[in-house]
Each structure stands twice: as C-alpha cells, then as structure tokens.
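This report refers to the structure that appears directly beneath it.
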Amino acid sequence: MIRIDSLTQRYGDLAAVDDVSFTAFPGRVTGFLGPNGAGKSTTLRVLTGLARPTAGRATVLGHRYTDLPNPGLDVGVLLDASAQHGGRTGRETLALAQRTMGLPAIRVDEMLDLVGLTWAEGKRRVRDYSLGMRQRLGIATALMGDPRVLVLDEPANGLDPAGIRWMRDLLRGFADDGGTVLLSSHLLSEIEMVADDIVMIGRGRIVASGATAELLAGV
Ligand code: ADP
Ligand code: ADP
C-alpha cells in the first residue's frame, strides 16, 4: 500500500506538486498519468526518500520510505533507467545490487532470465544497452529483493511493443500475487492496458482518479 497525503513540493515559486493525495492498493496496478512536467517524478522521488517534501506526507507499507526496516527489499524502485552506471556490465549491476541486499548470488542469473536479457547481453556494458534493455535491467534490480511494492517511473520508455506487453504481463502477475504497483507514464495507451486504477495529474494537481474502466467511460 502506498499513501500520498496532501503532498506539496515547491521549487521557488513553482508548486511542482500541489496538495496531492492518493492511495495505491495491494493487488492492484495503479497508473500515474500526466504530461511531461506534471509532477510525477517529483512525487515518486519524495515517495522513495530522494527528496524531502515542502508539506504533506508519503508512505509505503505504512512508513516513510527512509524509515522502512529494509527499504531495498520491501520496495522495488526504478526511477531513471538511463541513469544506470554505464561502465558496469548488466551482470555486475545485478551482482552489486544482490550484495547490497545480502541476497544469494544465484539471483543474478535468475533475474537476467526473468527480464528477458540473454547471457551474452548480461556480459555487455550498460553504456551499450538500449533504453529498453536498461529498463529490463532496472526492473530486474527492482524485483531482486522479492519486494511487496513496485514504484516505476516511465518504465515503458524505450521498450518496443513486445517489451511493453512483457512488462504488462509481469506487472499483472506481480499485482495478482498481492503486490502493489505504482507506475507513471505520459501515455494513456501504456497506462490503460495495465492499470486497474488511474491517478491523473496535471500541473502538480490531481485532475481525476478512480478505477480505469469507470474513469475512461467518462472520457
Ligand atoms: P514529470 O515527472 O511529470 O514529467 P516532474 O516531477 O519531473 O514532472 O517536474 C514537475 C515540475 O517541477 C516541472 O515543471 C519541472 O521542471 C519542475 N522541477 C522538477 N525538479 C525540479 C528541481 N529540482 N528544481 C526545480 N524545478 C524542478
Ligand atoms: P530525519 O530522518 O531526520 O527525519 P529526513 O531527511 O529523512 O531526516 O527527513 C527530514 C524531514 O523531512 C522529516 O522530519 C519530515 O518532516 C520530512 N520528510 C522526509 N521524507 C518525508 C516523507 N516521505 N513524507 C513526509 N515527510 C517527509
């Protein structure tokens, strides 16, 4: 479960996030939809402890992210796939995450396989990866600790249609197993095919939210 309560984030005169509240529930995929600059990343950065809000509160599994006993294990996070260290191979990236989380080494091969990266691709440096491959690697890192919650910022960017279908099935399975998924996108087409619930944001404010079928029936 994710709760955003009256969250405001100001940068000087700009309210990048302006009194935003919503909940993402277990067993459901929640899509966070809005145009570029709407405040999605800012919200997700506060939620995952990377920024401190001007006002309000963001919690995951009942705690502020930074107060979770095992943030890396409880919550899988992928905020910016393009920011992964280019000098490491995919395998090294996963091995580092695995050591940081104190998990057995076998996870690296399992995770590569799970996200559809081949053995040969795992040995290449991340700087030579396409954005879609980086997204897959980022999702592998996010899933590695077997989390109960996934927070993904624009994870479909750079994925081809087959990759987007793969991700939809993966997120569906994760939610069907009881997990909570919050993913952002600027494209309704990417959100509507996977999300049970949609939260729409524009210029820092929530403009609509609800179950996907009901929300889109009114569009
Ligand atoms: P989205 O993820 O929906 O594209 P962002 O959360 O990245 O939107 O940005 C929301 C607004 O806040 C934008 O106008 C952006 O330029 C601004 N913004 C984001 N981060 C900062 C920052 N560190 N300093 C100043 N303005 C920022
Ligand atoms: P501390 O652990 O000393 O509180 P933090 O940098 O984690 O340091 O947070 C500083 C302050 O920022 C907190 O006391 C709180 O007021 C605010 N803060 C940080 N993260 C959040 C969040 N997710 N929701 C609400 N407030 C937060």
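As the structure lists them, so they are numbered: ligands from 1, and atoms in each ligand from 1.
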Does Arg203 CZ have over 12 foreign heavy atoms under 6.0 Å away?
-> no
Answer yes if the side chains of Ser21 and Asp5 hold a donor-acceptor pair under 3.5 Å, and no otherwise.
-> no
Are Thr8 and Asp19 linked by a side-chain donor-acceptor pair shorter than 3.5 Å?
-> no
Would you call Glu154 and Asn157 a side-chain contact if the rule is heavy atoms closer than 4.5 Å?
-> yes
Who are the residue neighbours of ligand 1 when the rule is a heavy atom under 4.0 Å from any of its atoms?
-> Tyr11, Leu14, Ala16, Pro35, Asn36, Gly37, Ala38, Gly39, Lys40, Ser41, Thr42
Which hydrophobic side chains are connected to Leu187, either touching it within the sub-4.5 Å cutoff or through other members that do?
-> none
Please assess Gln9 against Thr54 for the test side-chain hydrogen bond (donor to acceptor under 3.5 Å, both in side chains), listing each intermediate value before the final yes or no.
-> CA-CA 5 Å; Gln9 183 68 301; Thr54 310; 3.0 Å; yes
